[in-house]
Amino acid sequence: MAKYYEMETPVTVITEKGEFRYYKEAKRLQVSKPKWKDMNDEVRMGKTVTLDLNGFKGNEDLKALLNQVLADLD
């Protein structure tokens with residue numbers, strides 16, 4: 001069975017501080033530290049956390065927290 005990240009192209013935002021990928025169909029949000037080079041000059045993906053958003057559906061406290069985070073980005 002194919003993995004969601006093999007089947008779907010995420011919406012991606014890359015910054016100096018990290019990378020963010022949203023897999024809309026799979027309802028997954030990934031947050032990664034920036035890419036880095038190892039001792040062999042190979043580019044490696046930074047440590048990544050993946051949130052399964054399905055478990056958070058309808059959680060008003062979480063929605064309020066995320067809205068607060070978004071407001072702080074302005």
Side-chain angles (χ1 to χ4, degrees):
M1 182 178 210
K3 304 289 185 187
Y4 68 89
Y5 48 83
E6 295 172 338
M7 300 293 295
E8 184 178 350
T9 302
V11 176
T12 304
V13 175
I14 299 173
T15 71
E16 291 179 6
K17 302 292 183 179
E19 299 183 16
F20 302 83
R21 286 173 218 83
Y22 178 50
Y23 294 86
K24 186 174 178 74
E25 295 293 318
K27 300 286 189 266
R28 301 286 201 282
L29 177 65
Q30 289 184 341
V31 179
S32 302
K33 288 189 142 201
K35 288 184 170 100
W36 55 282
K37 286 187 180 180
D38 65 13
M39 292 171 51
N40 298 320
D41 274 344
E42 292 182 36
V43 176
R44 302 289 186 172
M45 186 172 182
K47 291 185 179 184
T48 301
V49 174
T50 303
L51 296 176
D52 181 351
L53 301 178
N54 290 307
F56 301 122
K57 191 170 186 169
N59 186 317
E60 295 303 319
D61 291 335
L62 181 58
K63 286 180 185 178
L65 175 63
L66 292 175
N67 282 327
Q68 180 180 348
V69 170
L70 291 173
D72 287 347
L73 292 177
D74 286 336

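Applying the 6.0 Å contact sphere to CE of M45 captures more than 12 heavy atoms from other residues, nucleotides or ligands.
Taken to the nearest 0.5 Å, the CZ atom of R44 stands 13.0 Å off from the NZ atom of K37. Rounding to the nearest 0.5 angstrom, the gap separating the CZ atom in R28 from the OH atom in Y22 is 11.0 Å.
Counting only residues at least two apart or on different chains, no side chain to side chain donor-acceptor pair (under 3.5 Å) pair has a member in residues 65-74. Residue pairs meeting the side chain to side chain donor-acceptor pair (under 3.5 Å) criterion with at least one partner in residues 1-20, sequence neighbours excluded, are Y4-Q30, E19-R21, E19-K35.
Remark: N40 pairs with no residue by the side-chain hydrogen bond (donor to acceptor under 3.5 Å, both in side chains) rule, at least two apart or across chains. For E25, the salt bridge (charged side-chain N to carboxylate O under 4.0 Å, His left out) criterion is met by no residue, not counting sequence neighbours.
Annotation for G46 and S32: closest pair O-CB, 4.2 Å, computed over non-hydrogen atoms.
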Check residues 54-65 and write down every donor-acceptor pair under 3.5 Å in which the side-chain atom is one partner and the other belongs to a residue at least two apart or another chain.
residue, atom, partner, partner atom, Å
N54, ND2, D52, OD1, 3.0
N59, OD1, D61, N, 3.1
N59, OD1, L62, N, 2.9

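When hydrophobic side chains of Ile, Leu, Val, Met, Phe, Trp and Tyr are connected at separations under 4.5 Å, L70 ends up clustered with L73.
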